[in-house]
Amino acid sequence: MDFSKLQQPLFERAIIMGVTRFKGEIDGSEIDSCTVFRAAPFNDASGNAMGLGLAKVRFGSSSNFDRFAGLTFPCELEIQLARVTNGSGKETVVMKDFRPVTEAKK
């Protein structure tokens with residue numbers, strides 16, 4: 001079994017509302033992160049929500065923040081998401097990469 005091919009994330013379109021970074025210490029732990037805020041539909045199954053909210057997606061270290069320089073927010077990007085897990089089995093969705101949306105020429 002070839003586990004290297006277990007996950008080949010695809011790109012999907014997303015509306016990105018903004019991005020933040022943090023590099024510093026919190027309660028004695030060093031933190032270095034980039035967080036992307038994407039528009040996501042609310043779960044309307046309960047009948048108590050409709051429309052869009054913001055979903056926070058981790059995007060590696062704070063150095064990724066600089067990759068968004070020059071973009072005007074909100075913006076539409078193609079993002080590559082992956083499902084990962086930690087040692088206790090908690091699954092998380094993280095962003096692996098992004099690229100500008102390219103429209104097909106007609």
Side-chain angles (χ1 to χ4, degrees):
M1 183 175 286
D2 184 0
F3 286 105
S4 66
K5 296 179 181 177
L6 184 62
Q7 189 168 22
Q8 302 279 332
L10 300 174
F11 282 87
E12 64 182 65
R13 285 189 180 200
I15 297 170
I16 304 302
M17 302 302 290
V19 60
T20 62
R21 67 176 164 192
F22 180 81
K23 186 172 184 176
E25 186 177 315
I26 297 178
D27 297 330
S29 296
E30 287 294 322
I31 309 292
D32 185 6
S33 66
C34 179
T35 303
V36 175
F37 295 82
R38 68 184 289 227
F42 280 119
N43 180 350
D44 59 1
S46 69
N48 294 320
M50 63 177 81
L52 299 173
L54 289 180
K56 293 187 340 182
V57 182
R58 295 194 66 179
F59 184 38
S61 71
S62 61
S63 63
N64 282 328
F65 180 86
D66 296 328
R67 294 182 56 194
F68 293 89
L71 295 177
T72 302
F73 296 96
C75 63
E76 188 174 17
L77 297 173
E78 291 182 340
I79 62 173
Q80 188 180 46
L81 300 176
R83 293 182 185 279
V84 297
T85 187
N86 62 16
S88 63
K90 181 181 178 197
E91 185 177 76
T92 305
V93 175
V94 297
M95 195 164 119
K96 302 299 272 181
D97 200 6
F98 74 90
R99 63 188 181 202
V101 171
T102 55
E103 298 294 336
K105 294 183 181 180
K106 295 181 180 179

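For reference, positions follow the sequence shown, starting with 1. What you are looking at is a predicted structure, and each value in this text was computed from that prediction instead of being measured.
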Non-hydrogen side-chain atoms of Ile79 and Phe11 separated by less than 4.5 Å: no
Sub-4.5 Å side-chain heavy-atom contact between Val19 and Cys34: yes
Leu71 CG to Glu76 CD distance, which is reported to the nearest 0.5 Å: 12.5 Å
Side chain to side chain contact (heavy atoms under 4.5 Å, CB included) assessment of Thr20 paired with Phe37: CA-CA 8 Å; Thr20 62; Phe37 295 82; 3.7 Å; yes
Nearest atoms (heavy-atom pairs only) where Asn43 meets Ala49: O-CB, 3.8 Å
Nearest heavy-atom neighbours spanning Ala39 and Leu52: CB-CD1, 4.3 Å
Sub-4.5 Å side-chain heavy-atom contact between Val101 and Arg13: yes
Common cluster, Ile16/Phe22, ILVMFWY with side-chain heavy-atom separation under 4.5 Å: no
Point-to-point distance, once rounded to the nearest 0.5 Å, from CD of Gln80 to CG of Leu10: 8.0 Å
Aromatic ring proximity Phe98/Phe68, centre distance under 6.0 Å: yes
Single-linkage hydrophobic cluster, 4.5 Å side-chain cutoff, Phe73 and Met95 together: yes
Minimum heavy-atom distance Lys96-Ala82, with the two atoms named: CG-CB, 3.6 Å
Pair Glu12 + Arg38: basic N to acidic O under 4.0 Å: yes
Salt bridge flag under 4.0 Å for residues Arg21 and Asp32: no
Polar contact flag, side-chain donor to acceptor under 3.5 angstrom, Asp27-Ser29: no
Donor-acceptor contact below 3.5 Å, side chain Thr85 vs main chain Lys90: yes
Polar side-chain atom of Asp44 near backbone of Gly47 as donor-acceptor pair, under 3.5 Å: no
Heavy-atom side-chain proximity of Thr35 to Val57 below 4.5 angstrom: no
Side chain to side chain, Thr92 and Asn86, heavy atoms closer than 4.5 Å: no
Over 12 foreign heavy atoms within 6.0 Å of CD1, Ile15: no
Same cluster (ILVMFWY, side-chain, under 4.5 Å), Met17 and Val94: no
Within-4.5 Å side-chain heavy-atom neighbours: Phe59 and Arg67: yes
CD-CD distance between Glu25 and Glu30, expressed to the nearest 0.5 angstrom: 5.0 Å
